[in-house]
Structure formats: C-alpha cells, structure tokens
There are 2 protein chains.
Amino acid sequence: MNRIDSDKQELYAIAGLAKEFDISTRTIRFYESKGLLFPRRVGGTRVFNKRDRARLILILRGKRLGFSLKEIEEYLSLYDADQTHDAQVEKLLEMVNLRLDLLKEQMQDLKTTTSELSEIKKLVKQRLARG
Amino acid sequence: MNRIDSDKQELYAIAGLAKEFDISTRTIRFYESKGLLFPRRVGGTRVFNKRDRARLILILRGKRLGFSLKEIEEYLSLYDADQTHDAQVEKLLEMVNLRLDLLKEQMQDLKTTTSELSEIKKLVKQRLARG
DNA sequence: ACATCTATTGACGCTAACGTCAATTACTTG
DNA sequence: CAAGTAATTGACGTTAGCGTCAATAGATGT
C-alpha cells in the first residue's frame with residue numbers, strides 16, 4: 001500500500017527544483033539545514049515530494065515579502081500545527097492573527113509606495129506630453 | 001534670507017530620529033555612509049531637516065517591504081530625478097514602471113499569503129467553536 | 001573499466017546590515 | 001571649570017544567507 005502510494009507520488013530531484021525556481025542547490029540544502037524542508041533520502045540523494053515543493057513555494061514567497069528564514073519557519077509551522085489540542089489551537093490562532101497583522105501593515109506600506117510612484121509616473125507622463 | 005529660512009526649518013538631532021523611529025544612531029550613520037541620507041553638519045554634529053526625515057521614512061518603509069539598501073537608494077533617486085531632460089525623464093519612467101511591477105508582484109504575494117492565513121484562521125475558529 | 005556527470009558533505013569565503021567598542025571631541029549644565 | 005552627557009570616527013565583531021571549493025560517492029553511457 002505504502003509502496004504503491006509512493007510509486008504514484010510525484011517526486012523531484014534537487015537540481016530539478018533548483019532549476020524550476022531559479023535558485024541554487026546550495027540554497028535548497030541550506031533551507032533543509034535550517035529546518036524549512038524535509039526531503040527523503042534515496043541512497044544518499046535527496047528526494048522531494050509535492051509537499052516539499054509546496055513548502056519551497058511558500059518559502060520563496062516569504063522571502064519575496066522580506067521575511068527572514070526564521071519568520072518563514074514560523075509561518076510554515078502554521079500549516080503543520082497540531083490542531084487536536086485546544087491549547088495548541090488557541091496558540092495557532094494567536095500566531096495567525098499576528099502574521100495577518102504584519103501582512104496588513106505590509107499591504108498598507110505597499111499601497112502607500114504604489115500611490116507615490118503612480119503620482120510620480122503621472123507627473124512624468126505629463127512632462128513628456130508637454131514635450 | 002537663507003538664514004531666516006533655516007531658522008524657521010524644523011531640525012532634528014540624530015538621537016531624536018533614532019528614538020522616533022526606534023532605530024540606532026549607528027543605523028542612521030550607516031545609511032549616510034551608504035548615500036541614502038545627507039545631513040548637514042553643525043560643528044561636527046549631524047543635523048537633519050524635514051527632507052532627511054522624510055527620506056528616512058521611505059528608507060524604513062522600503063526595508064519593511066524587504067528591499068535592500070541598494071534598491072532603496074534606487075527608489076529614492078526616483079524622487080530626486082532630474083526631470084529637465086527628456087532622456088532622463090524617459091529613464092525615470094522606465095525605473096518607476098519597473099518598481100511598480102515589483103510592487104504589484106509583492107501585492108499579489110501578500111494577497112495570496114493573506115488568503116491562505118485567513119483560511120487557516122477560519123478553520124481554526126470552526127475547530128474552537130466545536131469545542 | 002573508464003570518463004563524465006550529478007550529488008553529497010564540511011568548511012571557508014563573501015556580502016549585507018548593522019552592533020559593539022574604544023578613543024576622542026563637542027556640548028550642556030551646575 | 002568640572003562633570004556629565006552626547007556625538008564623532010574607525011575598526012572589529014556578529015548574524016543571516018548564501019557562494020565556492022575540495023574531496024568523495026553514485027549513476028550513466030561508451
């Protein structure tokens with residue numbers, strides 16, 4: 001059962017993922033050493049499954065948003081949180097709210113910055129129109 | 001005229017700005033050394049004006065959005081760009097568009113991340129409601 | 001069997017972004 | 001004027017996030 005199951009699963013090599021996301025294999029190994037990824041080993045070779053790939057996507061998005069790897073680790077843990085104990089669930093809710101607040105602030109920053117740049121763009125275009 | 005003008009201008013000491021924005025004086029000096037800030041000197045002491053303070057605000061927002069100091073320097077240059085030459089104006093427009101695209105991508109990342117976390121929050125709240 | 005390619009690890013190097021420190025100078029206050 | 005506080009600079013230290021390298025192992029093709 002398990003074997004059949006894993007036979008069906010889509011698997012990825014480290015070089016394939018590196019190429020797909022335009023990062024180095026060093027980066028992926030580094031993320032593993034930082035506890036962000038948990039690939040299986042076949043022989044000594046890392047093998048990643050879809051879940052690993054999904055986590056990598058989240059990691060890279062977190063980085064694009066300027067979060068540190070530690071913050072991203074915290075963020076990833078929200079996906080894995082043990083929801084069977086109410087105490088854990090309360091904690092999870094707290095962390096999710098915290099992160100949502102952070103994202104809300106970033107959204108505000110982005111909107112402000114975008115507005116300012118759009119204003120500059122408008123003025124520049126007017127300048128060009130005048131010749 | 002100039003003297004009277006500067007007498008009216010609001011000025012800031014390095015420690016005041018550091019405290020206001022919850023950063024160190026070292027950070028502010030570092031930004032100056034990186035060409036992001038250009039405070040005047042009174043005696044040997046740095047004196048910042050409103051424009052410096054405004055630039056610092058932009059710097060810190062850029063950092064919150066995950067940009068490097070180099071990228072922030074580029075961004076700041078959009079505010080200072082010489083708009084008297086059409087060639088410069090075209091370049092400015094190009095840079096503004098580039099940055100707007102970046103911000104748009106970040107906005108998308110933020111929305112995606114926010115949606116995912118909101119979904120987790122919803123599930124968590126349902127879990128708590130069930131007791 | 002050998003050459004080539006890919007993957008591994010540990011370790012050192014590099015850059016960015018400051019923090020910390022010591023020595024010195026400048027400013028403020030009593 | 002002295003004491004206290006603030007600011008200065010240069011230099012070294014630290015952390016984060018990798019890049020690069022060498023040595024080794026495994027896989028593949030001829």
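Below, chains carry the letters A, B, ... as their sequence lines are ordered, and counting in each starts from 1. We use all heavy atoms of the structure for the numbers below, so side chains are in, but hydrogens, waters and symmetry mates are not.
- Not a single donor-acceptor contact under 3.5 angstrom links the side-chain atoms of B:R29 to the base of D:dT8.
- One atom, NZ of B:K19, and another, P of D:dT5, lie 15 Å apart when rounded to the nearest Å.
- Remark: A:R99 is positioned above the aromatic ring of A:F67, its terminal NZ or CZ atom under 6.0 angstrom from the ring centre and at most 45 degrees off the axis.
- Backbone-only engagement by B:S24 is indicated by non-hydrogen atom pairs under 4.0 Å involving sugar-phosphate atoms exclusively.
- Rounded to whole Å, atom C1' of C:dA7 lies 17 Å from atom CZ of A:R40.
- Considering only side-chain N and O atoms, A:Y31 lies nowhere under 4.0 angstrom from the phosphate OP1 or OP2 of D:dG17.
- Among all heavy-atom pairs drawn from B:F38 and B:G35, the shortest one is CZ-O, 3.2 Å.
- Put simply, CG on A:L17 is 11 Å from P on C:dA7, counting in whole angstrom units.
- One can place CD of A:E32 at 15 Å from P of D:dC18, the figure rounded to the nearest angstrom.
- The residues B:R46 and B:E32 are annotated as salt-bridged, a charged nitrogen and a carboxylate oxygen being separated by less than 4.0 angstrom.
- Side-chain proximity of B:I14 to D:dG19, C:dT9, D:dA7: nearest is D:dA7.
- Rounded to whole Å, the distance from CZ on B:F48 to P on D:dA7 is 10 Å.
- Set against C:dT8, D:dC18, C:dA7, the side chain of A:R41 has C:dT8 as its closest nucleotide.
- Which of D:dG17, C:dT8, D:dT20 sits closest to the side chain of A:F30 comes down to D:dG17.
- With respect to the salt-bridge test (charged N to carboxylate O, under 4.0 angstrom), the residues B:E20 and B:R53 qualify.
- At D:dT9, one or more side-chain N or O atoms of B:R46 fall inside 4.0 Å of OP1 or OP2 (strictly under the cut-off).
- The nearest whole Å value for the distance from the OH atom in A:Y12 to the C1' atom in C:dA7 is 20 Å.
- Side-chain atoms of A:V96 and A:L100, non-hydrogen and from C-beta on, do get closer than 4.5 Å to each other.
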side-chain contact (heavy atoms from CB on, under 4.5 Å) assessment of B:I23 paired with B:I28: CA-CA 8 Å; B:I23 60 180; B:I28 296 176; 3.7 Å; yes
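- With contacts defined as side-chain heavy-atom distances shorter than 4.5 Å, the pair A:T113/B:L65 qualifies.
- With rounding to whole Å, B:R26 atom CZ is found 15 Å from D:dT14 atom P.
- No contact: A:G43 has no heavy atom under 4.0 Å from any strand.
- Contacts with DNA chain D (heavy atom under 4.0 Å) in residues 55-76 of chain A: A:K63, A:S68, A:L69, listed by number.
- In this model, the phosphate group of C:dG19 is approached by a side-chain N or O of B:T27 to a distance below 4.0 Å at OP1 or OP2.
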